[in-house]
Protein chains: 2
Amino acid sequence: MLGKNPGKNGAVRKDAVASIIEDWARERPELDTSPLEVLARLHRTFLRYNNRLTSAIDEHGLAVAGFDVLTALRRAGAPYRLTAGQLADSGLVSSAGVTLRIDRLEKDGLIVRERDADDRRVVYSRLTDAGLAKVDEVFAEHLENERRMLAALSPAECRQLARLLSKLERSIEETAVPDEG
Amino acid sequence: MLGKNPGKNGAVRKDAVASIIEDWARERPELDTSPLEVLARLHRTFLRYNNRLTSAIDEHGLAVAGFDVLTALRRAGAPYRLTAGQLADSGLVSSAGVTLRIDRLEKDGLIVRERDADDRRVVYSRLTDAGLAKVDEVFAEHLENERRMLAALSPAECRQLARLLSKLERSIEETAVPDEG
DNA sequence: CGTATGTGTCTCAGGGCTAAGATTTCTTCG
DNA sequence: CGAAGAAATCTTAGCCCTGAGACACATACG
């Protein structure tokens, strides 16, 4: 209905990635750029999602990085405690990154560090009362925000997209280190 | 077939996001966390993709940010020139970010800055011969790398995923500023 | 017991990004 | 023409991330 619909690909109304692929077809016609259909869209969609998420979280005086830590602690259940290593795994972040995140949250009084009595290398991060209240408040609003972002997709489309993203994550992960399987 | 398959949702083999959703169901059963099925997977899948991409690009002595600029210039076609503003739009990045990217690429001799003769506010970035050679080499390998990451998905699944991501990007974008539509 | 090795966290150096505002240059209009 | 406003880019200040390696502690084994 709107805009031109070149070629046989009627499924995707022309978007930025479609233009990019057309550009490449003109400039380097010998290349098969079909992976961009999925992965360039993944990239751009994530960037937009992340901008939106960052603004929303920022309105509560939090960074996405800190929010990520708080939610990991919250959903772990009482006593809302995880080690730095567990937080690194859960947030797909380096151990150096976790240290910084914890520093900031501790300074803000949302978590406290506690050393393990049995293994003194281990440092737990535990939600304070303020941290628990904060994450419960922000997470509920976060879900509302995400629901709005998904408004244009039907429940069936959401299920399909969830399934395909899960499969893609697995596919990327398995390709990651050739000498590991 | 493999592993346990709890509940009626047989489509997604249990992954990290499924565990996260189970955790929330236990901790805050009153919340509807279904948006996470899509958006938490988008987030995690992107992070894995980005790690893989960063490693691959880094092996060529480039950062993803710089590669993004080089490809934008390359696919614009001869004379491989864009303004800073065009680069900002194309990379979904702020104007300050573009300035930094250009600084680094210029220092590495991959692009040069050129002022517009008619409008002296405008600064073009143009690929040097070295930059052109570099991007042509790295981009071809980049596509191969992406193809491997998609290996587990059928062509039909890729088309579906591309369509749904495009729709999602549009949905997020339209939700972005309530006072704009 | 004591060294070697492994593990968990932190420090350091170096990039990367953004928002806000300064600067330079165009455009408009009285 | 000249001043006000708009536009494009750059600067500044501040936050966030990573890899490499330091450090502290734990474990294995002779």
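Order of the sequence lines fixes the chain letters, A, B, ..., with proteins taken first and strands second; residue numbering starts at 1 for each chain. As a basis for the values below, the full set of heavy atoms in this structure was taken, side chains included, without hydrogen atoms, waters or symmetry mates.
In this entry the distance linking CD of Q86(B) with C1' of dA7(D) reads 14 Å, nearest Å. Separating the CZ atom of R115(B) from the C1' atom of dA8(D) is a distance of 9 Å, rounded to the nearest angstrom. If you measure from atom CZ of R121(B) to atom P of dG5(D), you get 17 Å, rounded to the nearest angstrom. A straight line from CG of D116(B) to P of dA8(D) spans 12 Å, rounded to a whole angstrom. Atom C1' of nucleotide dC16(D) and atom CG of L53(A) are separated by 14 Å, given to the nearest angstrom. Residue L87(B) contributes atom CG, which lies 11 Å from atom P of dC10(D) at whole-angstrom precision. Distance CZ (R120(B)) to C1' (dA8(D)): 13 Å, rounded to an integer number of Å. Nucleotide dT9(D) holds its C1' atom 12 Å from the CG atom of L100(B), rounded to whole Å.
The 5' end of DNA chain D is approached more closely, in terms of each residue's nearest nucleotide, by V64(A) than by the other of D118(A) and V64(A). When each of I102(A) and N51(A) is assigned the nucleotide of DNA chain C bearing its nearest heavy atom, the one mapping closer to the 5' terminus is I102(A). Each of R101(A) and T99(B) was matched to the nucleotide of DNA chain D holding its nearest heavy atom; the match closer to the 5' end belongs to T99(B).
Each of dT9(D), dA6(D), dA26(D) was ranked by its minimum atom distance to the side chain of T83(B); first place goes to dT9(D).
Contact annotation for V93(A): backbone-only contact, meaning every heavy-atom pair under 4.0 Å involves sugar-phosphate atoms and none involves a base. Across all strands, G97(A) comes closer than 4.0 Å to base atoms (heavy-atom distances). Within the 4.0 angstrom heavy-atom criterion, base atoms lie near A96(A).
To the nearest 0.5 Å, atom CG of residue L87(A) and atom CG of residue L70(A) are 10.0 Å apart.
Sparse packing is recorded around CZ of R120(A), with 12 or fewer heavy atoms of other residues, nucleotides or ligands lying under 6.0 Å away. Counting non-hydrogen atoms of other residues, nucleotides and ligands closer than 6.0 Å to CG of D32(B) gives a total above 12.
Read 5' to 3', the first and last nucleotides of DNA chain C with an atom closer than 4.0 Å to a heavy atom of chain B are dG16(C) to dC26(C).
In this pair, Y49(A) and H43(B) present their aromatic rings perpendicular. The plane angle is above 60°, beyond the 30 to 60° band. Using a 30° and 60° split on the angle between ring planes, H142(B) and F67(B) fall in the perpendicular class, above 60°.
For dC16(D), one of the phosphate oxygens OP1 or OP2 lies less than 4.0 angstrom from a side-chain nitrogen or oxygen of R104(A).
No side-chain heavy atom of V69(B) sits less than 4.5 Å from a side-chain heavy atom of S125(B).
Taking both residues in full, the closest heavy atoms of L36(A) and V17(A) are given as O-CG1, 3.7 Å, listed atom of the first, atom of the second, then distance.
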